[in-house]
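The structure under discussion appears below in the form of structure tokens.
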Amino acid sequence: MVGDGNHPLEQPHYDTNTLEEYALGQMLPENEERVRQHVAACPLCRARLAEVEALFRQIRSELHDSLDQAQPGPRLDFAPIAAEWRRPPRRVTWLYRAQQLAPSVSTVLLLGLFALALLILLPTSDTAALRSLELVDEYSGPPALVAAATDQGVVVVRLEPGNTAIVKHLANLTAPRNLQFSPDGAWLALRDGRMLHILQPAGLGAHVQVPVRESADWSWSPDSLTLAYTDGTGQLALFDTRTQTNRVLVPSADSAWGQPVWTGDSQQIAYAVVAPLPSAGSPHTQQSIWRVTLDTGYRIELARNPTPQDTLLVPSAWIQSDSALLAWDVNAGASGETPHLYRVDVNGHGIAPLDAGSRSYGTRLAWPVGPQDLLFAVQDDRLVTLDLQTGRRTVLPEQLIWPSALDWAPTGAWISFTVAGMPDGEGLYLYAPGESTLLPVPLPDGATERSVVWMGPEHLFVVRQPQNKSVAEIWLVPVTGDDGAQRIMTNIQQPQTGPFSGWRWQDVLAAQHLD
């Protein structure tokens, strides 16, 4: 039972209390997943949930505005009180003060020794975080950085052969979203509440905070020098890591929204324009995809969505040597349907459907484009590979189960993917599209495979969820040699759901291979 008990989970619709618990993330993971699936398929509950989430956003916004505008009263003045507090008592001689000071020296000495003992005997916050993660002592994989949300806050760990260490502990960040390392691992971006945090993981590096809305999104340039972000108000801005400054690239009046998509040379960005913004809750009267050049600030509309009332098309990746874009329908993904894919002709300024679909998690495709513009897609209820350069489709073997999450090897020769609903230890696979070779990768039982990412050409990081636990683990899985899988980290939070955020590991976990 959830909510006020009027509606169990098996009923056709959920009551308001149940939807409020779901929106606040106060459910058990198994109940939350059942509600998520129901809301995705039920228009009535989805509409009620949207009203609840809109009310919560309004309350949070008004609370933040009230706190920001709050000022002390004109008569509030602590100066006289402080002056009286510091003034010595009357009729006290210097001899009396010296006599009173003498016994206090021993007291101070004892307090100092006690504090020193506490420092030696009690663990530091980093030590407590390290123990909660249960990091492996002898790591045998490639150098990497991992940022993870835990019950101790956000922890950044550096992994090197034979050595693991916490390099940053952000205990005050308790509800992170969209963790992303820069490609070189020198910076980390994440949102916590209404603040975008851009920080250097190493030591006492810089930590910049930028106010944003909940629907903000961002991505790093391929050269790691710039973070592009939409702030949720329609503004597209840039953070320069060299000067540690921000500048507006697209003003809020132009309604930029969603993930900025970089060209390979880090010189241009594709982005969606939505008017009004999705957070406004009104039907879209205008929707298109634009491109902006960083050096000049020149903006041009690449293509206009012909059906803005029904679809919300956003760019996902540049293809064909940055002469075209892959786009998809976020609205379909948010409603639990298979998002349709589209090709945006940069020169012809047109949008053409690809007669194919994909899977998504929030504002990201769960099946990203590979290094050679090769894409997993769904066509006529069959899994196919789609060559975005030539348009060629290859139907995949029927025994190839649909991936829940996948990642391409750096060379593009192999794909690693996880499959939902498989027995513990049997949900990880490798597939070579060029050779039509499928290889299961067995892992120890006791946990379910959830997500996977390549760490260099020969290793995988696999996210697994142990049985009867609401936390996750990271396993190192070599794809060559005789070394077995190795659990390297545990007690990572589960991701939560939200408007246009879905259920994605990017909200609680980020990993970056260090060359």
Side-chain angles (χ1 to χ4, degrees), residues 177-180 182-183 187-191 194-198 208-280 284-305 308 312-318 322 324-331 344 346 349 351 362-365 499-501 506:
R177 294 292 184 269
N178 196 5
L179 285 78
Q180 293 186 37
S182 59
W187 290 83
L188 173 67
L190 61 95
R191 178 178 67 83
R194 296 168 64 96
M195 197 69 67
L196 172 61
H197 297 261
I198 312 170
V208 179
Q209 301 182 46
V210 181
V212 295
R213 299 286 179 87
E214 290 185 359
S215 58
D217 208 342
W218 50 91
S219 60
W220 288 99
S221 61
D223 61 12
S224 300
L225 298 178
T226 311
L227 179 76
Y229 61 93
T230 55
D231 67 352
T233 69
Q235 181 175 270
L236 172 61
L238 301 176
F239 173 78
D240 191 321
T241 61
R242 294 161 295 186
T243 61
Q244 298 181 21
T245 57
N246 290 275
R247 69 181 176 98
V248 175
L249 201 58
V250 177
S252 58
D254 287 358
S255 301
W257 185 83
Q259 175 193 12
V261 180
W262 291 87
T263 54
D265 60 5
S266 302
Q267 295 301 311
Q268 298 183 10
I269 296 172
Y271 60 98
V273 166
V274 190
L277 294 171
S279 56
H284 307 143
T285 59
Q286 179 183 352
Q287 209 270 296
S288 55
I289 295 177
W290 286 63
R291 176 184 65 188
V292 59
T293 302
L294 268 65
D295 291 342
T296 63
Y298 178 71
R299 306 194 300 275
I300 184 172
E301 186 181 55
L302 298 180
R304 184 165 295 185
N305 182 3
L312 175 52
L313 305 184
V314 297
S316 176
W318 288 90
D322 296 341
L325 279 163
L326 176 70
W328 63 288
D329 180 13
V330 172
N331 278 349
V344 180
V346 172
H349 302 284
I351 296 178
T363 56
R364 299 288 193 279
L365 287 179
F500 291 109
S501 65
Q506 190 179 10

Query - Leu238 vs Ile269, side-chain contact (heavy atoms from CB on, under 4.5 Å): CA-CA, chis, key distance, verdict - result: CA-CA 11 Å; Leu238 301 176; Ile269 296 172; 3.9 Å; yes
Query raised in the report: Run the side-chain contact (heavy atoms from CB on, under 4.5 Å) check on Val273 and Ser255 step by step: do they pass?
Result: CA-CA 5 Å; Val273 166; Ser255 301; 4.3 Å; yes
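A distance of 5.0 Å separates CG of Asn178 from CZ of Arg364, quoted to the nearest 0.5 Å. We find the OG1-CD distance between Thr293 and Gln268 to be 4.0 Å, quoted to the nearest 0.5 Å. Note: Gln209 CD to Met195 CE = 5.5 Å, rounded to the nearest 0.5 Å. The CG atom of Leu179 sits 8.0 Å away from atom CD of Gln506, with the distance rounded to the nearest 0.5 Å. Note that NE2 of His349 and CD1 of Ile289 are 13.0 Å apart. Values are rounded to the nearest 0.5 Å. Taking CG of Leu312 as the start and CG of Asp329 as the end, the distance is 7.0 Å to the nearest 0.5 Å.
Between Gln180 and Trp218, the shortest heavy-atom distance links the atoms NE2-O, 2.8 Å. Closest approach of Val261 and Ala317 over heavy atoms only: CG1-CA, 3.8 Å. Of all heavy-atom pairs between Arg299 and Tyr271, the closest is CD-OH, 3.2 Å. The minimum heavy-atom distance between Trp318 and Val346, with the atom names listed, is CZ3-CG2, 3.7 Å. A pairwise comparison of heavy atoms in Ala228 and Leu236 identifies CB-CD1, 4.5 Å as the closest pair. The minimum heavy-atom distance between Val314 and Trp257, with the atom names listed, is CG1-CZ3, 3.9 Å.
Contact of the Ser215 side chain with the Leu277 side chain is not registered, since no non-hydrogen atoms from C-beta on lie closer than 4.5 Å. Counting only heavy atoms from C-beta outward, the side chains of Thr285 and Pro308 never approach each other to under 4.5 Å.
Between the Ser219 side chain and the Pro260 main chain, a donor and an acceptor come within less than 3.5 Å of each other. In terms of modelled atom types and a separation under 3.5 Å, the side chain of His197 and the main chain of Arg191 share no donor-acceptor contact. Side-chain atoms of Gln287 come within 3.5 Å of backbone atoms of Leu313 as a donor-acceptor pair (strictly under, hydrogens ignored). Side chain of Thr241 to backbone of Leu225: a donor-acceptor contact under 3.5 angstrom is found.
For the salt bridge (Lys or Arg N to Asp or Glu O under 4.0 Å) condition, the pairs that include at least one residue of residues 219-247, sequence neighbours left out, are Asp240-Arg242.
If you check the side chains of Thr263 and Asp322, you find no donor sitting under 3.5 Å from an acceptor.
Residues Trp187 and Phe239 bring their aromatic ring centres within 6.0 Å.
Residues that satisfy the side-chain contact (heavy atoms from CB on, under 4.5 Å) test with Val210, not counting sequence neighbours, are Leu196, Ile198, Val208, Val212, Tyr229, Asn246.
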